[in-house]
Peer 1: 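Take this structure, written in structure tokens, and hold onto it; I'll ask about it next.
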Amino acid sequence: MSVIVLGCPTSIPAFAAQSAATQVPPVFEPNQGQAPADVRYLLRGGALEGEFQNDGIRLKLLNSEGIAAEVKMRLVGARADAVISGDGALQGHTNYLIGSDPTRWLRGLPNYKEVRYSQIYSGTDLVFYGRSSAL
């Protein structure tokens, strides 16, 4: 079985001025209603955000003014039935306590070290993971 590994460092010059406080390792969380329905997993990590969908990935590099750059990847020829899962459960959880109605809050969403597209191509998994503040 093959595994595809892609690199996307956030330490390019435009982001070199970030403080140590924003250099958080990337964390992946399942979409349980906090994003559009076509998003399966979300990435949060300092100056990097991402959305993982069945047919592609959208990554956003952020700065103090908002989105500085956006990259969209489409997985051409990928299996539509590939399983997308979080691997490497982390101790932390994410909570979305938005609005005044507690019945609409999302609590205790699991966090993962990786997102894996299993058998995205015959004999090939696609794995995204973080190292330091890079994906």
Side-chain angles (χ1 to χ4, degrees):
M1 173 187 300
S2 300
V3 176
I4 299 171
V5 179
L6 303 172
C8 179
T10 60
S11 58
I12 58 177
F15 301 95
Q18 291 179 9
S19 70
T22 63
Q23 298 294 314
V24 231
V27 172
F28 301 90
E29 66 187 48
N31 180 14
Q32 294 184 359
Q34 73 273 31
D38 63 336
V39 175
R40 301 286 306 281
Y41 277 81
L42 294 164
L43 164 69
R44 308 279 189 218
L48 185 62
E49 288 185 356
E51 297 176 345
F52 297 81
Q53 302 159 318
N54 286 344
D55 64 347
I57 296 99
R58 178 181 299 135
L59 299 173
K60 300 173 188 172
L61 292 174
L62 309 173
N63 62 20
S64 61
E65 297 159 11
I67 299 172
E70 185 171 331
V71 175
K72 296 178 186 178
M73 289 190 301
R74 197 169 125 239
L75 301 172
V76 177
R79 293 180 48 172
D81 63 345
V83 174
I84 304 172
S85 60
D87 285 342
L90 297 170
Q91 290 182 348
H93 291 82
T94 303
N95 298 299
Y96 291 87
L97 309 177
I98 300 170
S100 59
D101 182 359
T103 63
R104 297 180 53 115
W105 293 351
L106 298 173
R107 297 180 184 161
L109 301 181
N111 290 174
Y112 297 98
K113 293 179 185 177
E114 302 177 350
V115 163
R116 176 180 300 270
Y117 286 72
S118 297
Q119 294 294 308
I120 192 74
Y121 300 105
S122 181
T124 304
D125 288 359
L126 174 59
V127 179
F128 291 89
Y129 61 91
R131 290 280 189 267
S132 188
S133 63
L135 176 64

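Values in this document were obtained by computation on a predicted structure and should not be read as measured data.
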Peer 1: Which pair of heavy atoms, one from P30 and one from P110, lies closest together, and at what distance?
Peer 2: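 Nearest heavy atoms, P30 then P110: CD-O, 3.2 Å.
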Peer 1: I'd like to check the side-chain contact (heavy atoms from CB on, under 4.5 Å) partners of L90; sequence neighbours left out, ordered by chain and number.
Peer 2: V27, N111, K113
Peer 1: Would you give the length of the straight line joining atom CG of L59 to atom CG of L61, rounded to the nearest 0.5 angstrom?
Peer 2: 7.5 Å
Peer 1: Are any of the side-chain heavy atoms of R116 and V127 separated by less than 4.5 Å?
Peer 2: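 Heavy-atom side-chain distance check passes, below 4.5 Å.
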Peer 1: In sequence, state the C-alpha distance, the side-chain angles, and the governing distance for F52 and F128, and then conclude on ring-ring contact (aromatic ring centres under 6.0 Å, His included).
Peer 2: CA-CA 10 Å; F52 297 81; F128 291 89; 5.0 Å; yes
Peer 1: Considering non-hydrogen atoms only, spot the tightest contact between S118 and A82 and give its length.
Peer 2: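 So the two residues come closest at O-CB, 3.4 Å.
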Peer 1: Taking side chain as C-beta onward, heavy atoms only, is Q53 less than 4.5 Å from V39?
Peer 2: yes
Peer 1: Taking side chain as C-beta onward, heavy atoms only, is Y41 less than 4.5 Å from L43?
Peer 2: no
Peer 1: Looking only at atom types and distance, does a side-chain atom of N54 sit under 3.5 Å from a main-chain N or O of D38, one as donor and one as acceptor?
Peer 2: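 Pair absent, no side-chain N/O of N54 close to backbone of D38.
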Peer 1: Residues two or more places apart in sequence or in another chain: which of them pass side-chain contact (heavy atoms from CB on, under 4.5 Å) with R58?
Peer 2: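 R58 satisfies side-chain contact (heavy atoms from CB on, under 4.5 Å) with E51, K60, E70, K72 once adjacent residues are dropped.
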Peer 1: Under 4.5 Å between any side-chain heavy atoms of L109 and Q34, yes or no?
Peer 2: yes
Peer 1: Roughly how far apart are L126 CG and Y117 OH, rounded to 0.5 Å?
Peer 2: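 Between L126 CG and Y117 OH, I get 7.0 Å after rounding to 0.5 Å.
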Peer 1: Does D125 reach the side chain of I120, with side-chain heavy atoms less than 4.5 Å apart?
Peer 2: no
Peer 1: What distance do D87 atom CG and F28 atom CZ have between them, rounded to the nearest 0.5 Å?
Peer 2: 10.5 Å
Peer 1: Excluding sequence neighbours, so at least two apart, what forms side-chain contact (heavy atoms from CB on, under 4.5 Å) with L97?
Peer 2: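 Scan of L97 (side-chain contact (heavy atoms from CB on, under 4.5 Å), adjacent residues dropped) gives N95, W105, R107.
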Peer 1: As an exercise, state the distance from CD1 of I84 to CZ of R40, rounded to the nearest 0.5 Å.
Peer 2: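 Here the rounded value is 4.5 Å.
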Peer 1: Nearest 0.5 Å, what's the OH-CZ distance between Y121 and R79?
Peer 2: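 Reported value, rounded in 0.5 Å steps: 12.0 Å.
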Peer 1: Mind listing the closest non-hydrogen atom pair of N63 and A68 along with its distance?
Peer 2: ND2-CB, 3.4 Å
Peer 1: I need the L48 CG to L62 CG distance, nearest 0.5 Å.
Peer 2: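 That separation rounds to 7.5 Å.
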Peer 1: Hey, does L75 have a side-chain heavy atom less than 4.5 Å from the side chain of I57?
Peer 2: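 A side-chain contact under 4.5 Å exists here.
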